[in-house]
Amino acid sequence: MDLSVNLGGIKLDNPVIPASGTFGYGLEFAELYDINILGSFSIKGTTLEPRFGNPLPRIAETPSGMLNSVGLQNPGAEAVVKEYFPRLKKVYRKKVFANVGGHDEESYVAAAEILSKEDIVCAVELNISCPNVKAGGMAFGTDPDKAAAITAAVKKVCRKPLFVKLSPNVTSVKDIALKVVDAGADGITLINTLLGMAVDWKTGRAITAVPHAGLSGAAVKPVALRMVHEVASAVSVPVIGMGGIESAKDVLEFMSVGASAVMVGSKNLTDPFICKKIIEDLPAVLSEAGVQDIKSVIGRTDRCAK
Amino acid sequence: MIKDVIYTISSNLQLNSSVFEMRLDGDTAPLNKSGQFIDIALSGKYLRRPISVCDYDENGLTIIYKVVGEGTKQMSNMQKGEKLSALCALGNGFDDSVTAKKIALVGGGVGLPPLYGLAKRLKSQGKNITVLAGFNTAADMYYINEFSSLAPTRVATADGSAGTKGFVTALMDEGEFDYFYACGPEPMLNALLKTGLDGQLSYEARMACGFGVCMGCSCKTKLGAKRICKDGPVMTAKEMR
Ligand SMILES: Cc1cc2nc3c(=O)[nH]c(=O)nc-3n(C[C@H](O)[C@H](O)[C@H](O)COP(=O)(O)OP(=O)(O)OC[C@H]3O[C@@H](n4cnc5c(N)ncnc54)[C@H](O)[C@@H]3O)c2cc1C
Ligand SMILES: Cc1cc2nc3c(=O)[nH]c(=O)nc-3n(C[C@H](O)[C@H](O)[C@H](O)COP(=O)(O)O)c2cc1C
Ligand code: FES
C-alpha cells in the first residue's frame with residue numbers, strides 16, 4: 001500500500017517520524033532496526049554551543065506517561081555536523097528534521113544556519129517550546145510576538161523549509177500558530193511537552209531535580225489531538241501532530257484531525273521497536289478503516305462532522 | 001546487541017523481608033559481561049524497571065531485587081510460569097580483564113547482585129578476590145552463603161547487628177587491596193573514590209530509555225558527559241574521581 005505523504009514539497013515514504021529527544025541522532029536505533037523504513041526522524045534538540053543540561057534526576061514516571069527535565073543536553077551544532085551526521089550517513093540514506101534550540105535570537109539563528117546547510121537535513125524544526133531551559137525555549141513559544149519575531153529571523157537564514165514546534169502551555173495555540181505562519185513558517189509541529197510535576201508523598205520532595213518538568217506519553221494524547229485539530233483547521237501550511245502516539249490507530253486519529261504526518265516520541269523509549277511496528281501495522285489498520293489512500297485521512301474529522 | 005525478550009519466570013524466591021531472587025528462562029545471548037542490566041516492562045507502568053543481571057547461563061538469568069515501590073511490589077507477586085518482557089542486554093558491564101594482585105568486590109545493599117556473576121568470572125580466571133558486603137542491619141542480609149562459597153566474604157552492618165559495625169569501607173585495611181569493583185549507594189561509591197584505590201564503580205540513575213537516546217541519565221566525568229545507561233553503568237575510578 002502507498003503510505004507516502006507530502007509536506008509542502010517534502011515527500012516522505014510514510015507519515016511516521018520519531019520525535020526530537022526520543023531518538024538521539026539515530027545511531028542507537030540503527031543498531032536495532034533498519035531506520036531507512038522511517039518517513040524521516042527529528043534529531044535531538046541541537047543548540048549552537050554544547051549543553052550538559054539539568055542535574056539528575058531528570059526523569060519521573062507518571063500515570064500513563066512521564067516527565068523529563070533533560071534540558072537540551074546536546075553536543076552543539078558543529079559537533080553534530082562534523083561527528084554525528086557522517087556516522088549517521090553510513091546507516092541512513094534519508095533526511096532528518098533538524099530540531100534547533102537556543103537561548104536568544106542570535107543563538108537560534110546561528111544554529112539553524114549551520115544545520116540547514118547540510119544535505120541530510122530536509123527541514124528545520126524550530127523548538128520554541130522546550131520547557132526545560134531557563135532562558136529562551138518556551139519563553140519564545142508562549143508569547144505570540146516573540147514567536148513571530150524569532151520565526152522571521154530564522155527564516156531569513158534557513159536554507160530549508162522551516163517548521164515551528166509549538167508549546168501546549170498557552171491559552172491559545174491557534175493564535176501562536178497563525179502568527180508564526182504569518183512570519184514565514186512553512187509548517188507547524190505540535191505538541192511539545194506539557195509542564196507538569198511529580199512529588200514523593202513520603203518526603204514531599206519533587207522527583208526531578210528541576211521540579212517542573214515536561215509531561216509526555218499517552219496521558220497527553222487527548223490534549224494533543226485537540227490542539228492539532230485547532231491548529232490544522234486554522235492554518236494552510238502542513239501540520240505534523242504528536243503527543244502520546246503509540247499505535248497505527250493513533251496515527252490515523254492525528255491525521256484525521258488534520259495532521260499530514262506524525263511524530264512518535266516517548267513510546268520509542270519504552271518500546272524501541274515501536275516505529276517499525278507502527279509502519280508495519282499501518283496498511284492493515286487503513287484497510288480496517290476502509291481507507292484506500294492514507295492522504296484521504298488527513299482532515300477527515302471535519303469533513304464527516306456534519 | 002539489544003533484544004526485547006519474553007522471559008518465563010521459573011522461580012521467584014523471597015530471600016528476606018524485602019529482597020527477592022527471580023530466575024528468568026529465555027534468551028541470554030545478548031549478555032556478554034557481568035554488571036549489565038535488563039529493563040523490565042510491567043503492566044500498568046509507563047517506564048521499564050532497570051535491574052542488574054546477577055548471574056546468567058545459556059538458558060536464563062537471575063536477578064535479585066528489593067521491593068521499594070509499586071513496580072518491584074508487582075514483581076514480587078509474580079508466579080512461576082508467568083511471562084516478563086525485558087530489554088536485554090543494556091549497559092557496558094564490568095571490565096574483568098584487569099590484572100591486579102588483590103581485588104575487593106564491594107557491594108552495598110541491593111548493589112551486591114551484579115558482583116555475584118563477576119565473582120564467578122574472576123574466580124574462574126584464578127584471580128585473588130575478597131567480597132566486602134555492607135547492609136544496614138542483619139535482617140537485610142542475603143546471598144552471604146553464595147558469596148562465601150566463591151571467595152572470602154566479610155560483612156559490615158551500619159548498626160553492628162552482624163559482622164563489623166560501620167560502613168563497608170571499614171572492611172578494607174590500608175594497602176590491602178590494589179583494585180576494586182563496586183556497586184551500591186552513591187555515598188558508598190564516593191567513599192571508595194576517596195580511598196584513592198583504582199577500580200570500577202556501577203552507578204544508578206532514574207532512566208527512561210535505558211539504551212542511550214533520551215539523555216535522562218547523564219553524569220559528568222573527566223572524559224565528558226556520559227550516559228549511565230549506555231556508557232555505564234560501570235565507570236572507572238579514574239574518570240569519576
Ligand atoms: C542500572 C541499574 C541497575 C539496578 N539494579 C538493581 C538490582 O539489581 N536490584 C534492585 O533491587 N534494584 C536495582 N536497581 C534499582 C531499581 O531499578 C529500582 O529500585 C526500581 O526501578 C524501583 O521501581 P519501583 O516501581 O518499585 O519503585 P517506584 O519508586 O514506584 O518507581 C518509580 C519510578 O522511579 C524509578 N526508580 C525508583 N527508584 C530507582 C532507583 N533506585 N534507580 C533507578 N530508578 C529508580 C523506577 O524505575 C520508576 O520509573 C537498579 C537501577 C539501575 C539504574
Ligand atoms: C526525554 C525527552 C526529550 C525531549 N527532547 C526534546 C527536544 O530536544 N526538542 C524538542 O523539540 N522536543 C523534545 N521532546 C518533546 C518530544 O519531541 C514530543 O514533543 C513530546 O514528548 C510529545 O510527544 P510524545 O507524547 O509522543 O512523547 C522531548 C521529549 C522527551 C520525552
Ligand atoms: S536512560 Fe535514556 S539515555 Fe540513559
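Atom set for the values below is all heavy atoms of this structure, side chains included, hydrogens, waters and symmetry mates excluded. By convention in this document, chain letters (A, B, ...) are assigned in the order of the sequence lines, proteins followed by strands, and residues within each chain are numbered from 1. No experiment lies behind these values; they were computed from the predicted model shown.
For A/Leu27, no part lies under 4.5 angstrom from a heavy atom of chain B. Using a 4.5 Å cut-off between heavy atoms, A/Ala219 does not touch chain B at all. Neither the backbone nor the side chain of A/Pro50 has a heavy atom closer than 4.5 Å to any heavy atom of chain B. For B/Met207, the part sitting under 4.5 Å from any heavy atom of chain A is the backbone (N, CA, C, O) and nothing else. Residue B/Ala208 touches chain A through both its backbone and its side chain, counting heavy-atom pairs closer than 4.5 Å.
The minimum heavy-atom distance between A/Leu269 and B/Cys214, with the atom names listed, is CD2-CB, 3.7 Å. The minimum heavy-atom distance between B/Ala205 and A/Leu56, with the atom names listed, is CB-CD1, 4.1 Å.
From B/Leu47, atom CG reaches atom CD1 of A/Ile59 across 7.5 Å, with rounding to the nearest 0.5 Å. Separation of atoms CZ (A/Phe29) and CD1 (B/Ile2) is listed at 9.0 Å; rounding is to 0.5 Å. For the atom pair A/Phe52 CZ and B/Cys219 SG, the distance stands at 7.0 Å (nearest 0.5 Å).
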At a cut-off of 3.5 Å, what donor and acceptor atoms pair up between chain A and chain B?
unit_1: A/Glu28; atom_1: OE2; unit_2: B/Arg227; atom_2: NH1; d: 2.8
unit_1: A/Arg58; atom_1: NH1; unit_2: B/Met215; atom_2: O; d: 2.7
unit_1: A/Glu61; atom_1: OE1; unit_2: B/Arg49; atom_2: NH2; d: 2.7
unit_1: A/Glu61; atom_1: OE2; unit_2: B/Tyr46; atom_2: N; d: 3.1
unit_1: A/Glu61; atom_1: OE2; unit_2: B/Leu47; atom_2: N; d: 2.8
unit_1: A/Glu61; atom_1: OE2; unit_2: B/Arg49; atom_2: NH1; d: 3.0
unit_1: A/Gln73; atom_1: OE1; unit_2: B/Ser218; atom_2: OG; d: 2.6
unit_1: A/Gln73; atom_1: NE2; unit_2: B/Ser218; atom_2: OG; d: 3.2
unit_1: A/Thr270; atom_1: O; unit_2: B/Arg48; atom_2: NE; d: 2.7
unit_1: A/Thr270; atom_1: O; unit_2: B/Arg48; atom_2: NH2; d: 3.1

